[in-house]
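Worksheet: one structure, shown below.
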Amino acid sequence: MTKQVKQLDRVIIRFAGDSGDGMQLTGDRFTQESAVFGNDLVTLPNFPAEIRAPQGTLPGVSSFQVHFADHDILTAGDAPDVLVAMNPAALRANLGDLPKGASIIVDTHDFTTRNLMKAGYTSNPLEGDDLGEFAVHQVDLTGMTVAAVKEFGLSRKDASRAKNMFALGLLSWMYGRPTESTTAFLSKRFAKVPDIRDANITAFKAGWNFGETTETFIVRYEIKPAPMTAGTYRNITGNLALSYGLIAGSVQSGLPLFLGSYPITPASDILHELSKHKSFGVTTFQAEDEIAGVGAAIGASFAGSLGVTTTSGPGVALKSEAVGLAVMTELPLLVVDVQRGGPSTGLPTKTEQADLLQAMFGRNGESPVPVVAPQSPGDCFDAAVEAARIAITYRTPVMLLSDGYLANGSEPWRIPDIGDLPGIEPDFATEHNHTIKNEDGTETSEFWPYERDAETLARPWAIPGTPGLEHRIGGLEKGDGHRNISYDSGNHDFMVRTRQSKIDRIANSLPPLEVDDPTGDAKVLVLGWGSTYGPIGAGVRRVRKAGYQVAQTHLRHLNPFPNDLGDILHRYDKVLVPEMNLGQLSLLLRAKYLVDVVGYNEVRGLPLKAAVLADVIGGLVSEAEGIEVNLVPAATNDGEGDAS
């Protein structure tokens with residue numbers, strides 16, 4: 001039969017099922033297909049914290065959302081246009097996120113009385129009018145999959161596991177995705193088990209053919225490739241980009257990279273990835289605990305390596321004393337905190353921005369540490385290189401604040417030209433740096449480990465074993481310049497202020513903040529940090545599309561703040577600071593700049609919604625301008641505008 005082809009500019013799809021249904025793999029493959037096709041895209045994986053929650057229950061639901069478009073987009077979307085639900089629990093867990101008119105493709109096979117009860121249903125929602133406001137397509141995905149792969153002699157259980165590939169094939173047909181990359185992927189992944197390989201490929205093709213021939217789906221959708229700046233692109237997650245950025249920092253500085261880490265969600269992928277790159281001089285050490293991981297990294301830095309430790313919020317708490325040691329010894333160290341929901345072990349697989357104050361102040365004594373935060377999955381690469389530059393140049397530990405949304409989400413990333421990366425000079429000490437006049441008029445030269453560079457206030461970095469540069473550092477306060485322990489109160493005050501001044505001087509090396517204010521007439525500024533960049537940008541776009549003026553800027557450096565931040569804040573009548581915490585950046589800005597910023601705060605374990613931010617921004621514009629602001633609802637529920 002002839003199928004209708006409908007043109008769209010963007011679509012948001014969510015795959016959802018039991019944690020054993022392969023939804024992350026399905027979403028990842030659809031993402032890769034869309035990346036190959038040339039769409040811009042952003043993804044949001046969402047999976048349970050339990051290794052294996054009870055099958056068919058709400059806590060065991062795993063999902064993967066992908067937003068792809070024919071133009072530049074910033075978020076994974078506020079709500080899906082299409083939900084693929086593999087069982088009753090997946091339907092119930094995600095139904096509340098669907099807008100009216102959304103499409104639901106549901107696998108009817110698992111809608112048994114037992115599974116309905118486990119999901120909390122008292123009756124079958126597929127019967128009656130419960131789903132009347134949605135376009136529901138009931139498909140026996142499991143049954144058709146088992147029939148399609150019958151020739152390979154698999155058990156029914158093994159055969160049914162390929163149902164995610166059947167669903168992927170169907171969705172690939174619906175949205176015109178290229179299939180070659182998935183076929184090649186399956187051939188490689190299951191090369192050692194031919195029956196499983198062939199069953200998955202067959203199920204994938206069967207899903208495609210079902211879409212082509214069935215009368216259930218009479219419309220195909222086309223989303224054209226997005227225009228992009230010329231270059232070589234790949235799809236990349238935040239953790240992968242951050243890993244590559246750490247390697248780039250190592251290469252650009254000429255320092256071997258040492259990672260001391262204890263596995264913790266959602267940071268473990270960085271350890272896994274870096275362990276693959278011994279050819280770049282990377283050494284990875286899976287420590288017995290968080291304290292051992294950071295201790296080993298500090299030891300590596302003392303010996304002349306780029307020491308790195310990766311963790312999440314609970315691990316930062318355990319590492320805090322050792323980070324204080326790195327502050328006192330003034331050694332380069334990168335502490336990567338992939339933030340997750342808290343407190344305590346909190347929400348291990350969910351995202352949050354609530355570690356900012358911990359990064360700023362979570363150590364005893366006056367122990368200032370630079371704080372850097374990436375804004376998107378691809379930007380994790382640049383943020384890691386920048387953190388390495390600061391740590392090496394200023395001889396200081398640096399906190400790099402990623403989060404679960406960035407770590408697991410993905411986007412197209414333009415692979416940078418190596419020649420465009422900044423050079424990083426470790427400038428190791430090789431000779432004596434201090435001259436002492438003796439009583440007899442002669443001079444003696446010595447090496448003082450706490451002499452200061454005039455511009456950066458960084459102390460010299462002498463690798464142990466360098467002849468004549470033997471020295472002593474440690475956690476006890478040292479005298480200004482020399483290596484000797486000092487308990488003098490005046491010296492301690494001076495050294496504390498010197499270490500703070502060293503961090504403050506980092507601001508002199510930062511570029512001016514970029515403020516997006518097209519007309520220069522805006523009275524409202526939206527200021528964000530970290531992964532709120534996408535939702536804020538999408539919300540701002542929607543307000544501007546409605547004809548109103550609003551400015552936007554985003555912070556990468558949270559300590560020290562850029563030198564021009566105060567002037568920018570005072571330029572606007574109202575400043576909105578959206579955060580996935582209870583107002584931590586707002587607190588810092590109010591204290592430092594005496595600006596009564598307005599916070600918008602959520603701690604739901606999920607990214608902020610762009611449409612909600614647009615309404616909040618519109619309300620502030622209305623107050624500042626003294627006008628009534630009316631925003632048209634976004635047809636695709638992503639806050640970025642209407643679909644054509």
No-hydrogen, no-angle side-chain donor-acceptor test under 3.5 Å, [X] and [Y]:
X	Y	value
S261	T310	yes
R177	S34	yes
T345	R340	no
S376	E411	yes
R92	N87	no
T182	E33	yes
E579	N581	yes
T311	K319	no

Among K350, Q24, R14, which residue satisfies the side-chain hydrogen bond (donor to acceptor under 3.5 Å, both in side chains) criterion with N46? K350
side-chain contact (heavy atoms from CB on, under 4.5 Å) for T284 and L271? Distances and angles first, verdict last. CA-CA 7 Å; T284 52; L271 170 62; 4.1 Å; yes
Might you point out which heavy atoms bring P562 and L513 nearest each other, and give the distance in Å? CG-CG, 3.9 Å
Does the pair R395 and T456 meet the rule for a side-chain hydrogen bond (donor to acceptor under 3.5 Å, both in side chains), with working shown? CA-CA 9 Å; R395 313 288 197 250; T456 65; over 6 Å; no
Pair S531-D403, side-chain hydrogen bond (donor to acceptor under 3.5 Å, both in side chains): steps then yes or no: CA-CA 7 Å; S531 65; D403 62 41; 2.6 Å; yes
Under the 3.5 angstrom rule, does the side chain of T351 hit a backbone N or O of Y405 as a donor-acceptor pair? yes
Kindly say whether V597 contributes a backbone atom to a donor-acceptor pair with the side chain of R590 at under 3.5 angstrom? yes
Taking it one step at a time, do E352 and R604 satisfy salt bridge (charged side-chain N to carboxylate O under 4.0 Å, His left out)? CA-CA 8 Å; E352 204 164 277; R604 302 171 59 245; over 6 Å; no
Pairs involving residues 20-39, ordered by first then second residue, that meet ring-ring contact (aromatic ring centres under 6.0 Å, His included) (sequence neighbours left out): F15-F30, F30-F68
Just how far is it from atom CG of L582 to atom CD of Q353, taken to the nearest 0.5 Å? 12.0 Å
Which residue pairs pass the side-chain hydrogen bond (donor to acceptor under 3.5 Å, both in side chains) test when at least one of the two sits in residues 231-256, sequence neighbours left out? N235-S410
For H557, ring-ring contact (aromatic ring centres under 6.0 Å, His included) partners two or more places apart: none
